[in-house]
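In what follows, a single structure is set out as structure tokens and then discussed.
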Amino acid sequence: MTILAAGTLPVALPRGRRIRGLRPRLSSTSGWFLGALAIYVAIGAALVLVHDGVMEDALARVSAASSVWSSSDPKLAAIGYVWTPLPVLVMVPFTPLRAVWPELVSRGYLAALLSAVAMAAAVASTWGLLGDLRVRPLPRSVVTVLFALSPMVVFYASNGMTEALLVALLLAAARGLLDWVRSGNPIALVAAGLFLGLGYLARYEALVAAAALAVLVAVISAMRPGTLRGPARRRDAVVVDVLLAAGPTAVAFILWALISWLVVGSPFEQFTSAYGNAALLADAGTPSVSIATPARQLSWLAPVLAPLLVLAVVVALVRRDRWRSLALVAVPVTMFGSVLAFEWATYLTGNLFGFLRYQITAIPLVVVLLALVLARRDLKRGRSRRVADFPRAVGGGLLAVAVLGAGAVTSGSAMLDEPVDATQEYHRVAPLVASALGHPAPSPSALGMWASDRAVAARIDAMHLPRGSVLVDSGAGFAVVAASHHPDSFLITSDDGFDTALADPPAHGIRVVLRSESGGVDAVRTRWSSFGTPAGPGWAHPAGGVAPATPFSSAWSLWIVAATPSPR
Amino acid sequence: MNSTIGQRLTDAGGQGPDEQLALAAHGFAETHPELSARPRGPRRSRQVVVAAVLLVAIGLTVLRPGLVLAGSLGIFVLLHCATTLHRLELIRRAVHDDPTLAVTDVEARAVPDAELPRYTVLVPAYREPAVIASVVAGMSALDYPHDRLEVLLLLEADDEETIAAARSALGGDRSGPTRIVEVPPGEPRTKPKACNLGLIRSSGEFVTIFDAEDRPEPLQLRRAVVAFRRVGVRVACLQARLSYHNAEQNILTRWFTVEYDTWFRWLLPGLMATGAPIPLGGTSNHIRRDALVAVGAWDPWNVTEDADLGLRLARCGYRVAMLGSTTEEEANSDAINWVKQRSRWYKGYLQSFLVHARHPVALTRQVGVRGVVGMVLFVAATPVLAAVNPLFWALTGLWIVAHPSAVAALFPPLVYYPGLAVWMLGGFAAVIAGVANVRAAGKPHLAGAALISPLYWVLMSLAAIKAVVQLVTQPSYWEKTTHGLDTTDRELDADTPERPGAMA
């Protein structure tokens with residue numbers, strides 16, 4: 001018996017055409033993504049690297065992400081539990097690049113890159129969503145371009161804030177839900193649910209959207225003529241649909257609360273922590289609350305929202321499949337509208353600052369409503385007749401220009417002219433635009449606000465202090481830690497031993513104590529307000545201060561801890 | 001004997017029963033020992049290699065236990081991550097361009113009887129006197145002209161009860177298209193050996209296998225014929241979907257149904273769409289006789305001969321496609337027997353993978369890098385990850401009960417946290433996929449079971465550990481299985497029919 005050679009097959013067909021995966025081909029969606037990304041990355045570089053204009057929360061997140069590796073007690077828990085984890089977690093793998101490119105962390109450019117990627121994804125989602133609805137090529141391009149270049153979108157794509165993630169994830173979820181309403185495909189619902197769940201991990205507001213959408217999905221699912229036999233099965237189907245839509249958010253909510261509880265002992269740090277929203281509000285005093293503020297802000301962001309909504313409903317009513325068209329309109333209204341309603345309610349009850357950015361979801365709401373108005377009637381048929389198509393395409397394009405152009409003008413001028421109701425935008429955008437045009441910068445400007453923190457970091461670095469010997473509350477001093485070349489010389493809030501060192505610095509190897517002299521939460525100032533007063537400890541010797549670079553910057557005082565601890 | 005295994009199988013039709021039996025049992029392993037799971041006997045070189053590897057492993061574990069712990073965890077984390085991503089990609093592909101061949105009722109019935117080819121249905125059964133009558137009924141329900149159909153009941157010659165029951169159902173040794181084929185006792189006493197004998201003694205242009213309790217959809221054979229004509233000769237096999245008709249029986253059958261629906265509706269079509277080798281499911285695989293014979297038919301020494309055949313077909317250049325037709329089976333409803341059955345499947349997957357991985361370079365040349373990746377992540381990783389799943393449970397538990405610094409002392413955070421994340425996200429994805437699948441399959445009432453399927457993974461882990469331990473500690477285990485035929489009766493009697501590994 002001949003035993004064939006090892007590995008020889010009984011038979012081998014001649015090599016045929018192998019089935020290959022999708023060939024890497026630049027789709028139009030990726031084209032939009034990359035184009036938008038290039039613009040946002042460049043503008044982000046101008047804002048953050050050139051003009052030092054990264055937003056406060058953004059820099060705080062980069063600093064936290066960096067502390068995971070570089071604090072004196074490196075650990076994942078340094079990401080913090082007050083704010084949502086996703087934006088920080090996503091940046092954690094990249095913060096070690098500070099070794100080769102310090103500005104990534106010290107100026108917070110990493111956050112700007114993240115917001116650029118997120119907003120570029122939102123642009124790609126918009127393009128895809130318009131395509132799903134078979135909007136004609138001309139209005140499809142016009143809507144995408146005007147969305148991508150609208151002032152609020154550009155600013156929040158380049159300043160490192162999580163607004164970009166919120167908009168991107170909600171738009172992606174809206175796309176999935178619209179697909180589900182049209183096709184009934186459960187996978188589209190899964191996608192929507194996952195994006196909402198991620199949305200919650202990026203911004204707490206997404207929880208409201210998920211809850212509202214759970215109700216909407218239940219209604220649509222119950223009204224949908226299904227193929228399932230028997231009311232029991234149909235009821236099960238409704239439950240499953242709601243589960244797919246809202247389940248991931250519920251899981252994210254529970255998991256994040258659980259992790260928070262296990263690590264810091266409290267499931268909802270956002271509400272209970274000294275650094276949470278409630279504490280920030282209390283610290284800021286009680287501002288006068290007026291319904292006129294959010295109303296004005298909304299009118300800047302979406303001046304034609306009301307007529308557009310009416311138009312969308314009317315268009316849905318005259319379509320052949322009226323109920324499904326109305327259900328489609330209900331998707332963006334529920335998703336973005338619930339977030340807007342939540343911001344209004346919390347602001348009006350004194351639980352939220354009245355920032356313009358909290359209403360940014362009005363912009364994707366307008367875009368999706370516009371998409372539904374511009375959607376071609378028969379969603380299934382192929383190319384329609386060109387001749388009749390052209391005027392409609394032009395009309396659609398003009399409508400898009402009118403709706404989105406109006407919003408761009410009003411929101412853009414608010415960012416340049418409204419120092420109170422658009423305060424965060426005004427103090428960065430107005431000076432940036434003035435500088436670009438060669439005009440004198442309006443005063444005060446928030447650009448360059450981190451210079452004083454960098455000066456503190458430089459002074460600390462020059463002292464060549466050992467690991468964990470500079471006591472600073474990273475809630476107030478994140479910019480100092482981010483700017484330092486030796487971040488491990490600081491003992492920050494998330495480090496083990498911070499509390500004991502705060503209570504008795506000399507006994508715990510602390511050589512320098514950093515105290516913030518501006519407002520805001522600072523555990524060091526709370527504990528050691530007595531420094532420099534007759535009642536203060538004898539071991540703390542003043543080592544000068546650093547004046548705030550702008551009215552928005554922190555003032556700092558440095559305190560050298562005497563080598564021999566003396567009783568207080 | 002210089003002829004190929006294909007030639008020998010073709011020629012065996014005219015030979016005596018003893019030669020046929022010998023060929024069915026040993027022909028493939030003799031001609032292609034490298035492709036068969038038949039024990040090849042101890043070889044000094046292999047023993048030396050195994051001893052050396054063990055020595056190095058033990059040495060490292062003693063000298064650098066932390067490194068070994070972190071390193072092996074890291075490998076499992078990577079494997080888990082890759083497998084999860086691979087499955088999500090399979091689902092995405094299956095959903096976006098489902099390659100399942102759909103043949104409508106009208107198309108299936110439109111083929112005139114005279115144009116239908118001769119079709120062979122093999123029904124291996126062992127110690128199933130209670131159901132054999134329903135087999136006869138089920139097979140006559142097939143919508144296929146009886147003069148072009150041959151149904152072979154493959155019964156072990158010493159299984160007198162089943163033979164008697166079959167004779168009384170048929171009113172003799174044959175009735176209509178159905179006849180009894182007695183398989184004489186002999187090593188190895190397995191389902192694939194019986195099927196090989198059935199193949200030698202049959203003549204259909206297409207061959208399929210059903211188990212005794214299967215309820216194939218009546219038009220399935222006609223659909224297969226139409227689909228085969230549509231796709232060309234490179235497609236050697238059409239795998240129909242399997243599902244369970246007793247999903248409602250208890251939580252185990254619900255889990256099993258959700259798992260099978262995901263497997264046959266998403267994962268196998270996804271594999272097909274990516275062009276990776278497809279491990280065939282136990283029954284309802286429709287195969288062209290010429291291709292089946294050419295690749296050497298089933299390996300009687302492999303416990304999942306169906307999965308092995310799917311991989312071998314791919315290596316020989318054939319393709320497998322999914323057929324849009326469902327065969328209803330009966331799900332295993334008893335936990336102990338489920339674990340036994342599943343451990344055999346896992347063992348068989350590992351065995352098939354090890355057989356085909358004997359010559360990795362040749363394998364890569366034959367199925368491509370993509371195919372090898374698919375085999376590693378689908379065939380090998382399934383049992384391996386099921387076996388190490390308790391490790392991930394333990395890591396999570398550790399994180400909850402222990403202080404993070406205690407965890408940091410045991411594992412470097414760069415391995416530990418990604419491991420935790422991968423396991424949780426992977427599990428989450430699996431649960432969501434299950435819930436979405438029950439919705440897509442029109443079985444929303446099974447969503448509750450899909451939600452608590454992590455408990456099902458516990459059973460899977462038990463089965464996988466059983467399989468892996470046997471493979472590691474008892475290298476000659478396969479030989480023993482085929483010896484201990486009568487001692488395993490009870491276990492195998494209760495086995496469900498869809499993939500009774502070793503039939504005896």
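Sequence lines set the chain letters: A, B, ... in the order given, protein chains first and strands last, and positions in each chain run from 1.
- Note: L244(A) leads L244(A), L255(A), V190(A) in heavy-atom pairs under 4.5 Å with chain B.
- Taking every heavy atom of both residues into account, P10(A) and V295(B) meet most closely at CG-O, 3.2 Å.
- Considering all non-hydrogen atoms of both residues, R315(B) and L9(A) come closest at O-CD1, 3.2 Å.
- Note that CZ of R92(B) is 11.5 Å distant from CD1 of I187(A), once rounded to the nearest 0.5 Å.
- For the pair T4(B)/V11(A), no side-chain contact is recorded, criterion being any heavy-atom separation below 4.5 Å from C-beta on.
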Practice prompt. Take L76(A) and Y416(B) through the side-chain contact (heavy atoms from CB on, under 4.5 Å) test and state the conclusion after the steps.
Written response: CA-CA 11 Å; L76(A) 191 60; Y416(B) 184 77; over 6 Å; no
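- Residue contact with chain B, scored on non-hydrogen atoms closer than 4.5 Å, involves the side chain of L243(A) exclusively.
- Proximity to chain A is absent for every atom of L446(B), based on heavy atoms less than 4.5 angstrom apart.
- Closest approach of P444(B) to V240(A), counting heavy atoms only: O-CG2, 3.6 Å.
- Only the side chain of V251(A) comes within contact range of chain B, judged by heavy atoms closer than 4.5 Å.
- Distance check, rounded to the nearest 0.5 Å: CZ of R439(B) to CG of D241(A) gives 4.0 Å.
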Worksheet entry | Step-by-step side-chain contact (heavy atoms from CB on, under 4.5 Å) determination, F428(B) to L194(A) | CA-CA 11 Å; F428(B) 178 69; L194(A) 291 177; 3.7 Å; yes
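- In this structure, chain A has heavy atoms under 4.5 Å from both the backbone and the side chain of V435(B).
- At a 4.5 Å heavy-atom cutoff, the contact between L414(B) and chain A is made by side-chain atoms alone.
- Neither the backbone nor the side chain of P74(A) comes within less than 4.5 Å of any heavy atom of chain B.
- Only the side chain of W69(A) comes within less than 4.5 Å of a heavy atom in chain B; its backbone stays farther off.
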